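Have a look at the structure below before the remarks.
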Amino acid sequence: MFRAVLRLSASGTRSLARSRPCYSAPLASRWYSHGKVETDEEFDARWVTYFSKPDIDAWELRKGMNTLIGYDLVPEPKILDSALRACRRLDDLASAIRILEAVKEKAGPCKEIYPYLIQELEPTLSELGISTPEELGIDKL
């Protein structure tokens, strides 16, 4: 009895599989170049505007920096200036130092980039009272 049920179910499954016509879906093509290409100046202005929002909170600051650091670039000094000023508005020294550490890590093997950024940000850092990781001695940990 069990063998008959098994045989019927197996043959029924095979007949269902055979009765379906074979369709192939058409390949979808994608058009990646249809969007507007953002220039470097527009990119910088977008991020400066983002960090200059007067009502930015700590979560938005961290989210913005994580997104910015995720790009294949080292942020321009004017973007970092805006981010550091946002840290000051939030009274968040730890985030400001973390931004500098992330930028140093992002610069990677190019040893000229980080000193250039610190040189460009020096007036902002002294105005806001933010010490660099090197001044604090936490770069050697």
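Keep in mind that this is a model prediction, so the values were computed, not measured.
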Just how far is it from atom CG of L61 to atom CG of L84, taken to the nearest 0.5 Å? 9.0 Å
When rounded to the nearest 0.5 angstrom, what is the spacing between SG in C87 and CD1 in I130? 6.5 Å
A102: side-chain contact (heavy atoms from CB on, under 4.5 Å) partners, not counting sequence neighbours: I69, R98
Beyond-backbone contact of E122 with I118, side-chain heavy atoms, under 4.5 angstrom: yes
Applied to residues 103-113, the side-chain hydrogen bond (donor to acceptor under 3.5 Å, both in side chains) test, sequence neighbours excluded, yields K104-E134
Applying side chain to side chain donor-acceptor pair (under 3.5 Å), can you list everything that pairs with S131, at least two apart in sequence or on another chain? none
Quick one: pull up OG1 in T132 and CD1 in I97 and give me the separation to the nearest 0.5 Å. 8.5 Å
Treating S95 as the side-chain partner and D92 as the backbone partner, does any N or O pair qualify as donor plus acceptor under 3.5 Å? no
Indicate yes or no: does R88 engage E127 in a salt bridge with an N to O separation below 4.0 Å. no
Interatomic distance, L90 atom CG to R62 atom CZ [nearest 0.5 angstrom]: 9.5 Å
With a sphere of 6.0 Å drawn around CZ of R89, does it hold more than 12 non-hydrogen atoms of other residues, nucleotides or ligands? yes
Name all residues meeting the side-chain contact (heavy atoms from CB on, under 4.5 Å) criterion together with E120; count only those two or more places apart in sequence or in a different chain, and write none if there are none. P77, Y116
All side chain to side chain donor-acceptor pair (under 3.5 Å) counterparts of D57, not counting sequence neighbours: none
What ring-ring contact (aromatic ring centres under 6.0 Å, His included) pairs are there with at least one residue in residues 77-99, not counting sequence neighbours? none
CD (Q119) and OH (Y114) are apart, to the nearest 0.5 Å, by 13.0 Å
Contacts of T39 that satisfy side-chain contact (heavy atoms from CB on, under 4.5 Å) - sequence neighbours left out: E41, E42
For the atom pair CG (L121) and OG (S126), what is the distance rounded to the nearest 0.5 Å? 10.5 Å
With a 4.5 Å limit on heavy-atom distance, are the side chains of C110 and I113 in contact? yes
Mind jotting down which residue pairs meet the ring-ring contact (aromatic ring centres under 6.0 Å, His included) criterion with at least one end in residues 76-104? Sequence neighbours excluded, please. none
Sort and list the pairs that fulfil salt bridge (charged side-chain N to carboxylate O under 4.0 Å, His left out) and have at least one residue in residues 68-82, not counting sequence neighbours. D44-K78, D81-R85
Quick one: list whatever passes side chain to side chain donor-acceptor pair (under 3.5 Å) with R46, sequence neighbours left out. E38
Looking only at heavy atoms, what is the nearest atom pair of A83 and I99, with distance? CB-CD1, 4.0 Å
What's the verdict on side-chain contact (heavy atoms from CB on, under 4.5 Å) for Y50 and E60, showing C-alpha distance, side-chain angles and the deciding distance? CA-CA 9 Å; Y50 178 85; E60 288 176 325; 3.6 Å; yes
I'd like to check the side-chain contact (heavy atoms from CB on, under 4.5 Å) partners of L73; sequence neighbours left out, ordered by chain and number. F43, Y71, P75
A side-chain contact here means heavy atoms from C-beta on lying under 4.5 Å apart; do L100 and L80 qualify? no
By side chain to side chain donor-acceptor pair (under 3.5 Å), which residues pair with K63, not counting sequence neighbours? T67
